[in-house]
Protein chains: 2
Amino acid sequence: MPATSRPTSKDVAHEAGVSQSTVSLVLGGKWSGRISPATAASVREAAERLGYRPNQAARNLRLGTTRTVLLMVPTLTAPFFGPVHTGAVRVAARHGFGVVAYVWPDDAAGPAGSPFAAPREAIDGILASSMEVEALAEFRGTPAVMLDSDPSGPVPTVGFGVAEGMRSIAAHLVGLGHRRIGHVAAAVDQWTFRARAEALAAVTARAGGTLTRAACAIEVGAARDAAARLLAGPDRPTALVCDDDLIAAGAYKAARALGLDVPSDLSVTGFDDVLLATALEPELTTVRLPAEELGARGMEALLELLDGGRPARRVLRGRLIVRGSTAPPPRAEGRVEREAGV
Amino acid sequence: MPATSRPTSKDVAHEAGVSQSTVSLVLGGKWSGRISPATAASVREAAERLGYRPNQAARNLRLGTTRTVLLMVPTLTAPFFGPVHTGAVRVAARHGFGVVAYVWPDDAAGPAGSPFAAPREAIDGILASSMEVEALAEFRGTPAVMLDSDPSGPVPTVGFGVAEGMRSIAAHLVGLGHRRIGHVAAAVDQWTFRARAEALAAVTARAGGTLTRAACAIEVGAARDAAARLLAGPDRPTALVCDDDLIAAGAYKAARALGLDVPSDLSVTGFDDVLLATALEPELTTVRLPAEELGARGMEALLELLDGGRPARRVLRGRLIVRGSTAPPPRAEGRVEREAGV
DNA sequence: CGGGTGAAGTCATACGTAGTACTCGACGCA
DNA sequence: TGCGTCGAGTACTACGTATGACTTCACCCG
């Protein structure tokens with residue numbers, strides 16, 4: 001129970017000497033031609049004087065809306081989703097919406113029955129990041145927008161051009177002369193990773209290269225082991241393409257354990273360009289995904305949807321950021337110049 | 001507007017052939033001795049059949065409560081606060097509370113007037129992480145708990161033993177033989193950093209060592225520059241104590257730029273033990289702060305407060321994690337053994 | 001002078017729930 | 001038989017807002 005009981009519209013009405021209806025009309029902005037400017041001004045002044053704030057619960061009940069959106073993310077511990085949340089909150093707040101973040105629990109296949117029981121009663125819409133559409137099953141009927149997910153599904157999406165991003169990485173490596181490429185893939189069955197894998201395979205094949213692959217959890221230790229497996233094989237890759245910056249950090253460790261220098265012995269690339277990418281040594285060549293903008297655009301799309309509109313699909317482009325972790329392969333026969341853009 | 005209008009308690013009443021009051025009493029659990037078990041069962045069954053969920057807005061209005069808590073964090077982009085959020089959400093959900101995260105905007109001194117306008121109307125309480133008590137000024141009257149903040153203030157706190165953590169780091173370095181210590185400090189005027197600085201100074205002084213200090217934003221580039229300043233001085237420190245793992249990453253960069261090896265030429269320590277700590281090479285000696293538990297305990301305290309209780313102060317202990325970034329100083333005269341605990 | 005018109009407000013109600021005050025009938029006891 | 005009591009359930013209201021239906025009054029025009 002809130003300590004001080006706040007003034008209501010009735011109090012404001014009394015203070016201004018009008019009826020509660022008038023207060024509601026004035027403060028709701030619906031008074032053109034119904035309330036005289038003078039009265040409106042005095043109501044506003046009274047509200048100001050009393051520090052009146054409308055009671056949200058009452059509005060929600062009356063309007064049948066909650067002005068609250070659920071943001072579903074797999075985790076907030078990994079570095080990628082914080083900015084997504086921030087972007088979403090920023091846009092939502094501008095429209096008077098709150099954001100409740102729902103974090104996928106580690107130990108459950110879905111939200112049902114978990115200690116995270118999503119507050120499904122009190123939300124108007126859902127913004128679901130990096131998950132499959134099945135995750136929304138129990139919310140059927142609630143307007144939703146998915147982020148970085150399969151755009152061919154039944155739910156509107158806002159995504160990254162991940163395939164394009166991966167192609168730019170692959171082209172960069174091929175351009176440096178790499179032909180034996182290892183893919184340290186995230187062992188997560190999501191559209192975004194499937195798309196990356198396909199794009200990498202396509203470019204590698206077109207360049208006449210060979211591609212080997214090992215999958216791992218998105219976690220440094222697991223990534224190190226997966227990378228080590230690839231590097232231990234017969235035709236050792238000269239470049240490791242990682243699905244994620246975190247995975248790249250694991251690849252660095254594997255390389256170091258084998259005495260391989262990055263980038264002169266082994267090129268490594270990441271994906272996302274999270275904070276980690278510049279903390280590593282050498283700094284990581286990666287694709288920058290504008291995570292905060294993803295959250296912002298996604299929220300915009302959702303708000304359009306809640307407004308009854310049909311949001312246009314948005315695709316945000318990733319951008320290749322070339323740093324110090326890529327170089328021509330040892331004894332390279334390919335071209336050597338470094339490209340700075342996509 | 002939600003697509004399908006959901007069943008209300010009135011619908012359930014009709015379905016079960018009783019009155020709405022009865023439904024409310026049964027589902028509210030307040031029916032002992034008022035409603036017969038048989039009727040109660042049939043109400044429950046009807047509710048189940050219709051998939052009834054109480055309307056939150058109506059409950060909130062009726063009960064004068066929102067079952068929503070505001071979590072204020074400086075950022076969700078930095079790696080530390082994601083887990084705090086997760087822990088808070090986990091506990092809140094267990095008690096039927098939702099959590100709205102409010103992220104301090106970059107460009108404003110406080111929440112007022114920012115695009116992040118906090119939904120101050122619709123919350124029962126506040127959990128504020130790592131900020132000064134003044135930040136709560138405009139929420140005066142709302143129950144609040146502060147995390148990792150000055151415990152001598154007027155607001156209940158749940159915190160870390162940061163001083164103790166810093167002492168364990170300092171003792172570790174002193175034990176290895178270090179006497180010239182540099183402190184790469186966060187240029188943030190918060191209790192938690194002031195406490196760290198004091199603890200470090202105390203231990204260093206007691207050991208007869210010298211302490212130099214440079215402050216920087218919590219950001220890799222700025223940290224690198226600050227560390228470089230310390231390392232360029234006359235009596236170069238043999239160890240850099242960083243206020244934060246992120247800052248330690250910057251220290252690594254400064255060392256590498258000077259051709260100094262970590263740890264044989266220079267020991268480096270961090271604070272927090274975020275994911276980054278094990279991604280770095282060598283892995284970082286740091287103090288592990290249980291961030292998720294901080295969020296969880298903080299939320300517990302807040303819920304106690306909302307219940308009318310007076311939450312006991314909780315202090316979570318940090319733990320020294322010795323990894324590969326610390327070693328005896330070059331030409332060490334000190335003891336050499338490595339300690340594994342606090 | 002009567003009726004129409006438009007401006008300026010007010011009345012009354014509904015949203016869905018929780019819970020207090022009430023009703024109703026059956027039963028026990030004197 | 002009459003009264004108190006208890007068990008089982010219902011009627012009704014309040015929470016604070018938004019808004020469609022209504023009132024009131026001044027003014028204008030024929």
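By convention in this document, chain letters (A, B, ...) are assigned in the order of the sequence lines, proteins followed by strands, and residues within each chain are numbered from 1. If you're wondering where the values come from, they're calculated on a predicted model, not measured in any experiment.
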Check your understanding: Quick one: salt bridge (Lys or Arg N to Asp or Glu O under 4.0 Å) partners of B:Arg49, sequence neighbours excluded?
Key -> B:Glu15, B:Glu45
Review point. What's the closest nucleotide to the A:Asn55 side chain, out of C:dT17, D:dT17, C:dG19?
Key: D:dT17
Check your understanding: Taking only residues two or more places apart in sequence, or in another chain, which ones meet A:Glu293 in a side chain to side chain donor-acceptor pair (under 3.5 Å)?
Key -> A:Arg297
Practice item. Check DNA chain D against residues 21-29 of chain A and give the residues with a non-hydrogen atom under 4.0 Å, in numerical order. Key: A:Ser21, A:Ser24, A:Leu25
Check your understanding: Between residues 39-51 of chain B and DNA chain C, which residues have a heavy-atom gap below 4.0 Å?
Key -> none
Check your understanding: How does each nucleotide of nucleotides 22-28 of chain C score, in 5' to 3' order, for protein heavy atoms under 4.0 Å: base (B), sugar-phosphate only (S), or none (-)?
Key -> -------
Point to revise | Most 5' of A:Leu61 and B:Ile35 on DNA chain D, judged by nearest nucleotide | key: B:Ile35
Practice item. Send over the distance from A:Asp11 CG to D:dC15 C1', rounded to a whole Å. Key: 13 Å
Review point. How many Å lie between NZ on A:Lys30 and P on D:dT19, as a whole number?
Key: 4 Å
**Study point:** B:Arg314: partners by salt bridge (Lys or Arg N to Asp or Glu O under 4.0 Å), with sequence neighbours left out
**Key:** B:Glu300, B:Glu304
Review point. Rounding to a whole Å, what distance do you find between A:Gln20:CD and C:dA14:P?
Key: 15 Å
Practice item. Compare side-chain N and O positions of B:Ser36 against OP1 and OP2 of D:dG9 and report whether any pair is under 4.0 Å apart. Key: yes
**Study point:** Nucleotide C:dG16, atom P - distance to CG of B:Leu63 in whole Å
**Key:** 16 Å
Check your understanding: Can you check the A:Asn60 CG to C:dG16 C1' distance for me, whole Å?
Key -> 13 Å
Review point. Taking CZ from B:Arg53 and C1' from C:dT17, how many angstroms apart are they, rounded to a whole number?
Key: 16 Å
Review point. Can you list the residues that meet the side-chain contact (heavy atoms from CB on, under 4.5 Å) rule with A:Ser129, with sequence neighbours excluded?
Key: A:Val73, A:Phe81, A:Val84, A:Leu147
Exercise for review: Just jot down the side chain to side chain donor-acceptor pair (under 3.5 Å) partners of B:Asp148, sequence neighbours excluded, or say none.
Suggested key: B:Thr192
Check your understanding: In whole angstrom, what separates B:Lys10's NZ from D:dC12's P?
Key -> 13 Å
Point to revise | A:Ser19 side-chain N/O to C:dT10 phosphate OP1/OP2 under 4.0 Å | key: yes
**Study point:** Residues that B:Asp307 engages under salt bridge (Lys or Arg N to Asp or Glu O under 4.0 Å), provided they are two or more places apart
**Key:** none
Side-chain donor/acceptor pairs under 3.5 Å, residues 154-162 of chain A, sequence neighbours excluded:
none

**Study point:** Test salt bridge (Lys or Arg N to Asp or Glu O under 4.0 Å) applied to A:Arg194 - qualifying residues, sequence neighbours left out
**Key:** A:Glu132, A:Asp189
Review point. Looking just at side-chain N and O atoms, do A:Ser42 and A:Thr39 make a donor-acceptor pair shorter than 3.5 Å?
Key: no
Point to revise | Residues forming a side-chain contact (heavy atoms from CB on, under 4.5 Å) with B:Pro83, sequence neighbours excluded | key: A:Thr77, B:Ala291, B:Glu292
Check your understanding: Is the closest side-chain donor-acceptor distance between B:Thr66 and B:Asn60 under 3.5 Å?
Key -> no
